[in-house]
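One structure below.
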Amino acid sequence: MHPVPTRLVTCLILSTWVLAAASLAYRDLWPEIATTPPPNFRAVVKQPITNSGSWRILAADPQHSLSLEPIGRLQTASKLTTEGTTLLTSDATIRVGDLLANSAAPVDARTVLEIHGASEIDAAGDLLRFQVVVRESAGAELLSVDARRQGDSIELQAQSPIPLWKWKMRLPYQPGGFVQSSLSPFDTMPGLQVGQSWSAHVVHPLTGKAQTCTVAVVARKHITWNQNPVPTLVVETRMAPITARTWVRPDGLVLRQEVPTPLRLIVLEREP
């Protein structure tokens, strides 16, 4: 016959169980239901040294969406300037023949698109200027979008030999906000939690458009990166009529970004 636990032992067992259950609920459930403020991306520019990242640009096979093939390269970097500002840059090359594979559009397979992006951030973490330039490797400029902060708004202007890609617009600016190219991922997105949401201004270098998008941290998910399973936070950027997704490691390092385009699904994947 087993001895009956005393009332004190029973209370200790129940208390331990309640504390363990509460700890698990706080860790796994509370972030899913709590309303949290958006991350402060001013932390992105608080880097004491130059950072850089190398990325592969992949495109999904239109007939086999799980099959990805390389179509270009991307290099991102951030550095402090002598004026005390932070410069975030990106330089991408995309082989047009690979991008338009299986398309009926006539294209010179040797044509390469070069996409350069730059954002300058002041010491307080606020945007000073933004630029994205798209040109052919031969030198012909196809699109240039310049943005400058003017008080509580951002003035954007696009220049292009394509009439539909020439426009001007004014967008509201919130302190700590950014204008971003859809093909220029952040190197880091610190402070993310499931449930956060915010607005972002996004320029699309392959369509010549700009729009204000809703961004939200929607889930946690393991992905395979560097041949290992890695926990990530999934960030969705809703750019009507499409949704882009970004996978961010818990320490803030951006590992992958998926951008649907009218041509093909493009995937930007960081190299280890």
Side-chain angles (χ1 to χ4, degrees), residues 34-47 51 76-90 115-134 143-160 164-218 233 235-244 246 248 252 254 257 259:
T35 300
T36 55
N40 182 359
F41 287 124
R42 291 177 174 180
V44 171
V45 303
K46 302 298 183 181
Q47 304 291 342
N51 290 322
T76 55
S78 62
K79 65 178 182 179
L80 295 175
T81 70
T82 55
E83 290 78 20
T85 63
T86 299
L87 191 63
L88 308 179
T89 61
S90 66
I115 303 173
H116 172 72
S119 295
E120 187 175 6
I121 316 299
D122 66 18
D126 291 315
L127 179 71
L128 292 175
R129 64 179 181 87
F130 164 88
Q131 183 183 53
V132 62
V133 177
V134 182
L143 173 69
S144 175
V145 179
D146 291 277
R148 292 188 179 273
R149 177 167 57 89
Q150 303 287 341
D152 58 358
S153 65
I154 297 175
E155 305 283 346
L156 293 98
Q157 181 172 357
Q159 297 291 335
S160 172
L164 288 177
W165 285 11
K166 296 177 68 173
W167 45 262
K168 291 182 180 180
M169 67 171 59
R170 179 195 295 261
L171 297 172
Y173 179 78
Q174 297 293 329
F178 280 84
V179 176
Q180 187 180 5
S181 163
S182 60
L183 293 178
S184 300
F186 287 116
D187 275 309
T188 60
M189 296 178 69
L192 296 184
Q193 298 180 49
V194 173
Q196 292 170 321
S197 63
W198 62 95
S199 295
H201 306 312
V202 178
V203 175
H204 308 284
L206 295 182
T207 64
K209 296 182 179 180
Q211 64 184 122
T212 301
C213 308
T214 300
V215 187
V217 186
V218 298
L233 292 150
V235 181
E236 289 190 348
T237 302
R238 301 180 182 99
M239 306 180 286
I242 63 173
T243 297
T246 303
V248 185
V254 178
Q257 185 164 301
V259 184

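- Taking both residues in full, the closest heavy atoms of T246 and M189 are given as CG2-SD, 4.3 Å, listed atom of the first, atom of the second, then distance.
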(message) For a side chain to side chain contact (heavy atoms under 4.5 Å, CB included) check, start with the C-alpha distance between Y173 and D126, then their side-chain angles and the critical distance, and finish with the verdict.
(response) CA-CA 10 Å; Y173 179 78; D126 291 315; 3.3 Å; yes
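- For the salt bridge (Lys or Arg N to Asp or Glu O under 4.0 Å) test, residues two or more places apart in sequence or in another chain that qualify with E236 are R238, R245.
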(request) Decide yes or no on side chain to side chain contact (heavy atoms under 4.5 Å, CB included) for L127 and S119, but give the supporting numbers first. (result) CA-CA 7 Å; L127 179 71; S119 295; 4.3 Å; yes
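- With sequence neighbours excluded, no residue satisfies salt bridge (Lys or Arg N to Asp or Glu O under 4.0 Å) with R148.
- Here the closest heavy-atom approach between residue F130 and residue V179 is recorded as CD1-O, 3.3 Å.
- Here T237 contributes atom OG1 and Q257 contributes atom CD; the two are 7.0 Å apart, rounded to the nearest 0.5 Å.
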(message) Run the side chain to side chain contact (heavy atoms under 4.5 Å, CB included) test on L88 and F178 for me, step by step, so that the C-alpha distance in whole Å, both residues' side-chain angles and the decisive distance to 0.1 Å come before the verdict.
(response) CA-CA 11 Å; L88 308 179; F178 280 84; 3.8 Å; yes
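- With W165 contributing its side chain and S144 its backbone, the two residues share no donor-acceptor pair below 3.5 Å.
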Show the atom names and distances, to 0.1 Å, of all donor-acceptor pairs under 3.5 Å that link a side chain in residues 151-159 to residues at least two apart or in another chain.
from : atom 1 : to   : atom 2 : distance (Å)
S153 : OG     : Q150 : O      : 3.2
S153 : OG     : R170 : NH1    : 3.2
E155 : OE2    : R170 : NE     : 3.3
E155 : OE2    : R170 : NH1    : 2.8
E155 : OE2    : R170 : NH2    : 2.8

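- Atoms OG1 and CG, on T85 and D122 in that order, are 8.0 Å from each other to the nearest 0.5 Å.
- Going from atom OG1 of T207 over to atom CE of M239 covers 9.0 Å, rounded to the nearest 0.5 Å.
- Residues A210 and W167 share a closest heavy-atom pair of CB-CH2, 3.7 Å.
- With hydrogens and angles ignored, the 3.5 Å screen pairs a side-chain donor or acceptor of H201 with a backbone N or O of P172.
- Rounding to the nearest 0.5 angstrom, the gap separating the CG atom in L87 from the OG1 atom in T81 is 7.5 Å.
- P185 and Q180 get closest at one heavy-atom pair: CA-NE2, 3.7 Å.
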(message) E83 vs L128, test: side chain to side chain contact (heavy atoms under 4.5 Å, CB included). Steps then yes/no.
(response) CA-CA 13 Å; E83 290 78 20; L128 292 175; over 6 Å; no
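- When all heavy atoms of P205 and V203 are compared, the pair lying nearest together is CD-O, 3.3 Å.
- The structure places OG of S184 at 9.0 Å from NE2 of H116, a figure rounded to the nearest 0.5 Å.
- Going from atom CG of L143 over to atom CD1 of I115 covers 9.5 Å, rounded to the nearest 0.5 Å.
- The two atoms that bring V259 and S182 nearest to each other are CG2-O, 3.5 Å, heavy atoms only.
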